[in-house]
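Comments concern the structure below.
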Amino acid sequence: MRIALLNPNTSVETTRMMVAIAMDSAAAGVEIVGHTAGFGAVLITDSEALDLAADAVAALAGDLDNANAVIIAAFGDPGLEALRSKLSVPVTGIAEAGMAEAAQGGRRFAVVTTTPRLRGRIAETAARYGYTTFAGTWTTGGDPAALTADAHALEAGLARAVEAAVREGAAETVVIGGGPLAVAARSLAASAPVPLIEPVPAAVRLSLNRLNAGAGT
């Protein structure tokens, strides 16, 4: 069984990192194959880059003939519905999967990420999926690209934002919002004050559930 993981930004290193995280969550016999956007931003930090990422996802559609399922590995799920309309296999977004796990049982959840200019789009995504228990988005300070390049500073900044989401937003669970944050999310999970949802593994689990159920979308 093969799952295609689409990285809607242009960083091959980010693709490799997300594939490694995804493989840790995959069942035996499941292969995760990474695909990197051929154009767009190295890091998606604003609405314009997110919209361009949807075009980049669409451009990758022709490379997915051998995939049994597809994951769109950017928070905001750019190009999700358009790709679903083209493919007959399950297509899952990491925001879709992460929010679904966070909201289980009616839990109040927040998103923590590094991109304040996407706060409005994240709220739109939560509303599109019908969540009424979404507490909001808390973000780290500083330049997202510089922070992402410094693992120690990234983890510290995300940890502070998680604490703020719990304190200020009464969040019962927190989604770390972004594929490039997958390693940091894994590192923080054990020490977080509430359950921390890693969206890439969540998307693998949802993809496998859809395959097992015979879902086509």
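Since the model is a prediction, treat every value here as computed from it, not as a measurement. Computed over heavy atoms, backbone and side chain alike; hydrogens, waters and symmetry mates excluded.
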How far apart are the C-alpha atoms of Thr92 and Val70, what are their side-chain angles, what is the distance that settles it, and do they pass the side-chain contact (heavy atoms from CB on, under 4.5 Å) test?
-> CA-CA 6 Å; Thr92 298; Val70 177; over 6 Å; no
Under a 4.0 Å threshold between the charged nitrogen and the carboxylate oxygen, would [Y] count as salt-bridged to [X]?
{"X": "Glu172", "Y": "Arg108", "value": "no"}
{"X": "Arg160", "Y": "Glu163", "value": "no"}
{"X": "Glu48", "Y": "Arg121", "value": "no"}

Does the side chain of [Y] come within less than 4.5 Å of [X]'s, by heavy atoms?
{"X": "Arg2", "Y": "Val89", "result": "no"}
{"X": "Thr125", "Y": "Met99", "result": "yes"}
{"X": "Val91", "Y": "Ile72", "result": "yes"}
{"X": "Ile44", "Y": "Leu52", "result": "no"}
{"X": "Asn68", "Y": "Ile3", "result": "no"}
{"X": "Thr140", "Y": "Thr113", "result": "no"}
{"X": "Glu198", "Y": "Arg186", "result": "yes"}
{"X": "Tyr129", "Y": "Phe134", "result": "no"}

Mind listing the closest non-hydrogen atom pair of [X] and [Y] along with its distance?
{"X": "Val166", "Y": "Pro193", "value": "CG2-CG, 4.1 Å"}
{"X": "Ala22", "Y": "Leu5", "value": "CB-CD1, 4.0 Å"}
{"X": "Ala171", "Y": "Ala110", "value": "CB-CB, 3.8 Å"}
{"X": "Ala54", "Y": "Pro78", "value": "N-CB, 3.7 Å"}
{"X": "Ala56", "Y": "Ala37", "value": "CB-CB, 3.7 Å"}
{"X": "Ala4", "Y": "Ala67", "value": "CB-CB, 3.9 Å"}

Determine whether a donor-acceptor pair (N or O, by modelled atom type, separation under 3.5 Å) exists between the side chain of [X] and the backbone of [Y].
{"X": "Thr15", "Y": "Ser11", "answer": "yes"}
{"X": "Arg107", "Y": "Ala102", "answer": "yes"}
{"X": "Thr139", "Y": "Pro116", "answer": "no"}

Do His35 and Asn7 pass the side-chain contact (heavy atoms from CB on, under 4.5 Å) test, and can you show the C-alpha distance, the side-chain angles, and the key distance before you say yes or no?
-> CA-CA 6 Å; His35 299 261; Asn7 175 16; over 6 Å; no
Does one hydrophobic cluster hold both [X] and [Y], with members joined at side-chain heavy-atom distances below 4.5 Å?
{"X": "Val30", "Y": "Met23", "value": "yes"}
{"X": "Met1", "Y": "Val19", "value": "yes"}
{"X": "Leu211", "Y": "Leu80", "value": "yes"}
{"X": "Leu206", "Y": "Leu208", "value": "no"}
{"X": "Met18", "Y": "Val111", "value": "yes"}

Take Leu6 and Val57 through the side-chain contact (heavy atoms from CB on, under 4.5 Å) test and state the conclusion after the steps.
-> CA-CA 7 Å; Leu6 309 189; Val57 165; 4.1 Å; yes
Start with the C-alpha distance between Phe75 and Ile94, add both sets of side-chain angles, then the distance that settles side-chain contact (heavy atoms from CB on, under 4.5 Å), and finish with yes or no.
-> CA-CA 6 Å; Phe75 216 73; Ile94 64 169; 4.3 Å; yes
Drop me the distance from [X]'s [atom1] to [Y]'s [atom2], to the nearest 0.5 angstrom.
{"X": "His152", "Y": "Ser187", "atom1": "NE2", "atom2": "OG", "value": "12.0 Å"}
{"X": "Leu147", "Y": "Leu154", "atom1": "CG", "atom2": "CG", "value": "5.0 Å"}
{"X": "Thr115", "Y": "Asp143", "atom1": "OG1", "atom2": "CG", "value": "11.5 Å"}
{"X": "Thr173", "Y": "Leu196", "atom1": "OG1", "atom2": "CG", "value": "9.0 Å"}

Among Val162, Thr114, Ile197, Val200, which one satisfies side chain to side chain contact (heavy atoms under 4.5 Å, CB included) with Ile176?
->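 Exactly one candidate clears the test, Val162.
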Could you check Leu188, Leu181, Val174 and say which one makes a side chain to side chain contact (heavy atoms under 4.5 Å, CB included) with Val112?
->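 Exactly one candidate clears the test, Val174.
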For Arg84 and Glu96, run salt bridge (charged side-chain N to carboxylate O under 4.0 Å, His left out): C-alpha distance rounded to whole Å, both residues' side-chain angles, the deciding distance at 0.1 Å, then the answer.
-> CA-CA 13 Å; Arg84 279 181 175 165; Glu96 174 193 23; 2.9 Å; yes
Side-chain donor-acceptor pair present, Ser47, Arg117, cut-off under 3.5 Å |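 Checked: Ser47/Arg117 side chains show no N/O donor-acceptor pair below 3.5 Å.
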